[in-house]
Participant: 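Questions regarding the structure given below will be posed in turn.
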Amino acid sequence: MRPVSHQPQGTPMEHGDFLSTAFIYLLAAVASVPIAKRLGLGSILGYLIAGVMIGPFGLGAVGDQTEILHFAEFGVVMMLFLIGLELRPSLLWSMRSLILGAGLTQVVLTAAVLTGISLVLVDSVNQAVALGLIFALSSTAIVLQSLTEKGLMKTPAGQTSFGILLLQDLAVIPIISLLPLLASASISTPAESSGDSTLYKVLLPLIAVGGLVVVGRYVAKPVFRFIAQSRLREAFTAAALLMVVAIALLMKLVGLSPALGAFVAGVVLAESEYRHEIESDLQPFKSLLMGLFFIGVGASVDFALFAAELKLILMAVGLLIVAKFVVLLIVGKVCKLDKRSALMAAFFLAQGGEFGFVLFEYARQSAVFDGRTVAIGILVVAISMITAPLMMIIFEKLVAPRVTAKPTDQPDTIEPDGPIIVAGFGRFGQIVSRLLIAAGHQLTILDHDSEQIELVRRFGNKVFFGDASRPDLLHAAGADEAQLMVIAVDSIEKSLEMVRVAQKHFPNLPLAVRARNRQHAYELIQRGVKVFERDTFRSAISLGVEALQQLGMTAEQAKKAGEHFTAHDRKALDELAALWGDEKAYGTAVRKNMEELKLILESDSDYMAEQEEEPAKTAG
């Protein structure tokens, strides 16, 4: 934002300047982003173009954007916090091979290659190592937003890209700790060259992250529980914002990336019962600030410096993209990705990252680089980020069609076919749908698996592509007036997300949900879902009845045993759901229920045997 000279804080002129800047930003976004989307360029490139146009080196509609960019980086902080909320520690552990394999390989190999290239451009080995480490990182903001927009997060390339980005974000801690050790002797100051100061800079970030984990686990949850009891949503939203701001301030004080601190806090709170509420409250702020961040990046491009160092900057950007592209192809081969997935990861991740802005500034403060080197480095990162959406478009429009058929990646335009919505058209959803259709009902069927949709469409089934956990898509499917929503998806997490969204946005919509296992059933009961059925329960009961007959029971006895078991198990589900999580109480209740069921079946078996003996005595 342009500074206002000789005006005391809070004057009308300052307010007017702020409002005019806000107006220009919003006008640029509204004008450029829809056009960019319509042209197939994507929203991110639209924001970047808007920033270039209105920036001090474009039309000059706004002045120096340094302050705006620092403020907008808070959007990256929020994004990493929300990503952390989606990653339970158990999920992170299940992804350890991907994170440590693909992620560590990419960071180490890219840093080594770029260090070698940098030795041609700088005189100091230490500076070359610093450049290699900083440029090894890619843009989490651009890549994750693009993968989410295009529905590619669950693909092999999407998961690999996510694992690499996650390791890169984690690598920021050791990189920040290492930068003071790389300070060039010709630039370093006496105050920063002491061993005590260096040790302090190395250990402090590690201590801060450890403290953040402890506070998040033992303090944040009780605080949110206390605020939630007030039943004031604005207070809960304010508390969530306060927590993210406090984390950012703490990380800044210790010289650590606020975004990484927010990510750690998100992971710590991933098991919290308030995770979904925090996520839904912060999502609008994140989206708005991310747009502001991308506009700020575009507006910060210094075309005067770019023109003065044109050859050097273009060469650096080209070498950066080519080196990272080749390394990512090697990583894809190591991870045994198919050709299309490996190319997709390479095209999507071959750019600098927003952490580069932070690391270059930190490197300047640590006397690793002088001011001009930092300015050129930041410009290389910014220009490479601007080229990232173009690389993605090249992959989608030119490369992907030549490698394999491009999957459907945008939701269909949905025209509701009936008052019943079915989410998920796999083996379970197909059986439910066939029964409902046979009974004369009209269905609107949604599925998020493009390959499954292509398969079932070959047999004449009308299925819409779309994620039923999105409120806007459910609204388009007629959820406001629907008689019933059947949730038949495979993923437990996605199923619970659909339940949460449906209950929140369409509270009068009845739900019938597929439960993958007993624990999933407990979750559904705790969320107030009345109608659900476990995947294999009925078929297992049916087979059990047949097995009892094979073992000597009559058909009537076996049928009664199955009915008793089903009724008792459904009753036990409700009782045990309340105890799930308390191992001791749950184990005791399970044993008690098993004894009760055994007594019921034995009692019924004796009664049935007596009934069969009575006719025999009469006949005798």
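Each residue takes its place number in the sequence, starting with 1.
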Participant: State the CE-CD distance between M485 and Q503, to the nearest 0.5 angstrom.
Facilitator: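 These two atoms lie 10.5 Å from each other.
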Participant: Check side-chain hydrogen bond (donor to acceptor under 3.5 Å, both in side chains) between S341 and all other residues, then give those that pass, not counting sequence neighbours.
Facilitator: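 Once residues adjacent in sequence are excluded, the partners of S341 under the side-chain hydrogen bond (donor to acceptor under 3.5 Å, both in side chains) criterion are D338.
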Participant: Go through the steps to decide whether L443 and L436 satisfy the test side chain to side chain contact (heavy atoms under 4.5 Å, CB included), and finish with yes or no.
Facilitator: CA-CA 8 Å; L443 312 180; L436 295 175; 4.0 Å; yes
Participant: Mind running side chain to side chain contact (heavy atoms under 4.5 Å, CB included) on L147 and F162 for me, showing each step along the way?
Facilitator: CA-CA 9 Å; L147 289 173; F162 179 71; 5.7 Å; no
Participant: Considering only heavy atoms from C-beta outward, does the side chain of M243 approach that of V223 to under 4.5 Å?
Facilitator: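 M243 vs V223: side chains apart.
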Participant: Is a donor on one side and an acceptor on the other found under 3.5 Å between the side chain of Q483 and the backbone of I420?
Facilitator: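 No; zero donor-acceptor contacts below 3.5 Å.
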Participant: Hey, what do you get for CZ (R500) to NZ (K504), rounding to the nearest 0.5 Å?
Facilitator: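 Reported value, rounded in 0.5 Å steps: 5.5 Å.
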Participant: Taking atom CZ of F347 and atom CD1 of I393, what is their separation to the nearest 0.5 Å?
Facilitator: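 Reported value, rounded in 0.5 Å steps: 12.5 Å.
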Participant: Closest heavy-atom contact between A482 and I421?
Facilitator: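 The answer is CB-CD1, 4.1 Å.
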Participant: Roughly how far apart are H520 NE2 and L496 CG, rounded to 0.5 Å?
Facilitator: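 Reported value, rounded in 0.5 Å steps: 4.0 Å.
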Participant: Calculate, to the nearest 0.5 Å, the distance between atoms CD1 and OG belonging to I164 and S138 respectively.
Facilitator: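 Separation between the atoms: 8.0 Å.
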Participant: Carefully, step by step, assess R534 and D569 under the rule side chain to side chain contact (heavy atoms under 4.5 Å, CB included).
Facilitator: CA-CA 12 Å; R534 279 167 284 165; D569 187 80; 2.3 Å; yes
Participant: Check L524 against A515 and note the closest heavy-atom contact, atom names and distance.
Facilitator: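 Nearest pair, atom of L524 first, then A515: CD1-CB, 4.0 Å.
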Participant: Atom NZ of K397 and atom CE of M392: how far apart are they, to the nearest 0.5 Å?
Facilitator: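 CE of M392 is found 14.0 Å from NZ of K397.
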Participant: Return the minimal non-hydrogen interatomic distance between V501 and S469, and the atom names on each side.
Facilitator: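 So the minimum-distance heavy-atom pair works out to CG2-O, 3.2 Å.
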Participant: Give me the atom names and distance for the closest heavy-atom approach of S495 to V513.
Facilitator: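 For S495 versus V513, the nearest heavy atoms are OG-CG1, 3.6 Å.
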Participant: Distance-only, no hydrogens or angles: does the S542 side chain make a donor-acceptor pair with backbone N or O of R538 under 3.5 Å?
Facilitator: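 No.
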Participant: Mind listing the closest non-hydrogen atom pair of L511 and A502 along with its distance?
Facilitator: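 Taking L511 first and A502 second, the nearest heavy atoms are CD2-CB, 4.0 Å.
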Participant: Is there a side-chain contact between V489 and M498 in this structure, where contact means two heavy atoms from C-beta onward sitting under 4.5 Å apart?
Facilitator: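 Sidechains of M498 and V489: in contact.
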Participant: Just to verify, what does D535 make a side-chain hydrogen bond (donor to acceptor under 3.5 Å, both in side chains) with, not counting sequence neighbours?
Facilitator: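 So D535 forms a side-chain hydrogen bond (donor to acceptor under 3.5 Å, both in side chains) with R514, R516.
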Participant: Within the structure provided, determine whether T160 and M344 are in side-chain contact (heavy-atom separation under 4.5 Å).
Facilitator: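 Not touching, per the 4.5 Å side-chain cut-off.
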Participant: If the threshold is 4.0 Å, N to carboxylate O, is there a salt bridge linking E556 and K559?
Facilitator: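 No, this pair does not count.
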Participant: I'd like to know if the side chain of Q549 and the backbone of A558 have a donor-acceptor N/O pair within less than 3.5 Å.
Facilitator: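 A pair under 3.5 Å: no.
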Participant: Evaluate the criterion salt bridge (charged side-chain N to carboxylate O under 4.0 Å, His left out) for residue pair E497 and K494; output intermediate values, then yes/no.
Facilitator: CA-CA 5 Å; E497 178 67 3; K494 181 61 71 174; over 6 Å; no
Participant: Of all the heavy-atom pairs spanning M385 and I142, show the shortest one and how long it is.
Facilitator: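 Minimum heavy-atom separation between M385 and I142: O-CD1, 3.5 Å.
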Participant: Parallel, tilted or perpendicular: which one describes the rings of F537 and F565, with boundaries at 30° and 60°?
Facilitator: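 F537 vs F565 ring planes: parallel.
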